[in-house]
Asker: 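There's a structure below that I have some questions on.
Indexing begins at 1, ligand by ligand and atom by atom, following the structure's order.
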Amino acid sequence: MVTVNQQRVPRKRIYLMCSPEHFAVEYAINPWMDVTAPVDTELAVKQWDRLRETLVGLGHEVCLLAPEPGLPDMVYAANGAFVVDGTVYGARFKHQQRAAEAAVHRGFYASPDWRFIAPNETNEGEGDFAYLPEAYGGLILAGYGFRTELPAHAEAQEALGRPVVSLRLVDPRFYHLDVALASVDDGNVVYYPGAFSAATQKVLAQLFPDAIIADDDDALAFGLNLVSDGANVVLNSEATRLAGRLRAGGYTPVPVELAELKKGGGSVKCCIAELRP
Ligand code: ARG
């Protein structure tokens, strides 16, 4: 029997990125970071540039945040805030080494286009929050266990006026939600069950019966750290099996190489915050 792929429709996105000009691994705050391993910053910039060009080539708009010396993780722009329908829930970093990034992001949203809400609770923006506009009328998924703290989930719900479902992360290699789960379109997700507690796996299975399930290899290749426009899925080139699974689901995988930035514990999605005006 021939299975006919579903027709996936892309939706134009506005993204925020920050060049890795000052990228380095100067401290280790996740298991992927090794301060003794050499980092080629020039190569990191080249690979990051390819990622930016890829998004523009797919028809998306990319806004830029100016990188600051002394903030080597600023390239992971996803962590600076979480935006839903023009409201910006600001970040408050767990680790002191990244704390100053929050104010830089806040500065970006200092215009009447945005309503900025300063957080009291520890949270790392889109690193631990995902928004699915077509799931249950608009659903926020929120990770906790390593970085973002549980009270931030309630704070985000009050700030953004959308239901927040708390998902417990249990494997330190998957210390942010966005390395274990991603939205593939406005209503569905792809995830790696092993990153979540048994109870959370049940919750995800209940909410997303049609989810794409990733395996260990996909997850360890940072495959889940992807960005999708509903049709094109930009993901780490090492995640070849996941690319196949996505293709079988009717999506178009767009692989990009980001080996240098993996040394900081991140890939595609970490480098990209979605702006939802
Ligand atoms: N070195 C950074 C950290 O540990 C990596 C952040 C990755 N970002 C992400 N959205 N997962 O905080």
Asker: Tell me if a side-chain donor or acceptor on N79 pairs with a main-chain N or O of M74 at a distance below 3.5 Å.
Answerer: no
Asker: Between K46 and E260, is there a side-chain N and carboxylate O pair less than 4.0 Å apart?
Answerer: no
Asker: Between the candidates E124, K262, R98, which shows the shortest non-hydrogen contact distance to atom 6 (C) of ligand 1?
Answerer: R98
Asker: G265 versus ligand 1: do any nitrogen or oxygen atoms come within less than 3.5 Å of each other?
Answerer: no
Asker: Can we say D34 and K263 salt-bridge, meaning some charged N sits less than 4.0 Å from an Asp/Glu carboxylate O?
Answerer: no
Asker: Check each of C270, G264, C271, G125 against atom 1 (N) of ligand 1 and report the one with the nearest heavy atom.
Answerer: G264
Asker: Counting heavy atoms only, which part of R147 comes closer than 4.0 Å to ligand 1: side chain, backbone, both or neither?
Answerer: side chain
Asker: Could you check atom 10 (N) of ligand 1 against the protein and tell me its nearest heavy-atom contact, residue, atom and distance included?
Answerer: D178 OD2, 2.6 Å
Asker: Please verify whether a non-hydrogen atom of F93 lies at under 4.0 Å from ligand 1.
Answerer: no
Asker: Would you say Y109's side chain and T87's backbone share a donor-acceptor pair under 3.5 angstrom?
Answerer: no
Asker: Is it the side chain (CB and beyond), the backbone, both or neither of M33 that lies under 4.0 Å from ligand 1, heavy atoms counted?
Answerer: side chain
Asker: Assess R8 against Y251: is NZ or CZ under 6.0 Å from the centre of the six-membered ring, and within 45 degrees of the ring's axis?
Answerer: yes
Asker: Quick test of your reading of the model: are D85 and R162 salt-bridged, counting only N-O distances below 4.0 Å?
Answerer: yes
Asker: Should N225 be counted as touching ligand 1, given the test is an N or O pair under 3.5 Å?
Answerer: no
Asker: State the atoms of ligand 1, each with its element, that fall below the 4.0 Å cut-off from a heavy-atom position in G127.
Answerer: 10 (N)
Asker: Does any N/O atom on Y76 come nearer than 3.5 Å to any N/O atom on ligand 1?
Answerer: no
Asker: With a 4.0 Å cut-off, would you call R276 and E126 a salt bridge?
Answerer: yes
Asker: Run the numbers for me: atoms of ligand 1, each under 4.0 Å from some heavy atom of I29, listed by number.
Answerer: 3 (C), 4 (O), 12 (O)
Asker: If the plane angle is over 60° it's perpendicular, under 30° parallel, otherwise tilted; pick one for W114 and F108.
Answerer: tilted
Asker: Identify which of V25, N79, N30 has a heavy atom lying nearest to atom 4 (O) of ligand 1.
Answerer: N30
Asker: Could you check atom 2 (C) of ligand 1 against the protein and tell me its nearest heavy-atom contact, residue, atom and distance included?
Answerer: D73 OD2, 3.4 Å
Asker: For E26, I'd like to know if atom CD has over 12 heavy atoms of other residues, nucleotides or ligands within 6.0 Å.
Answerer: yes
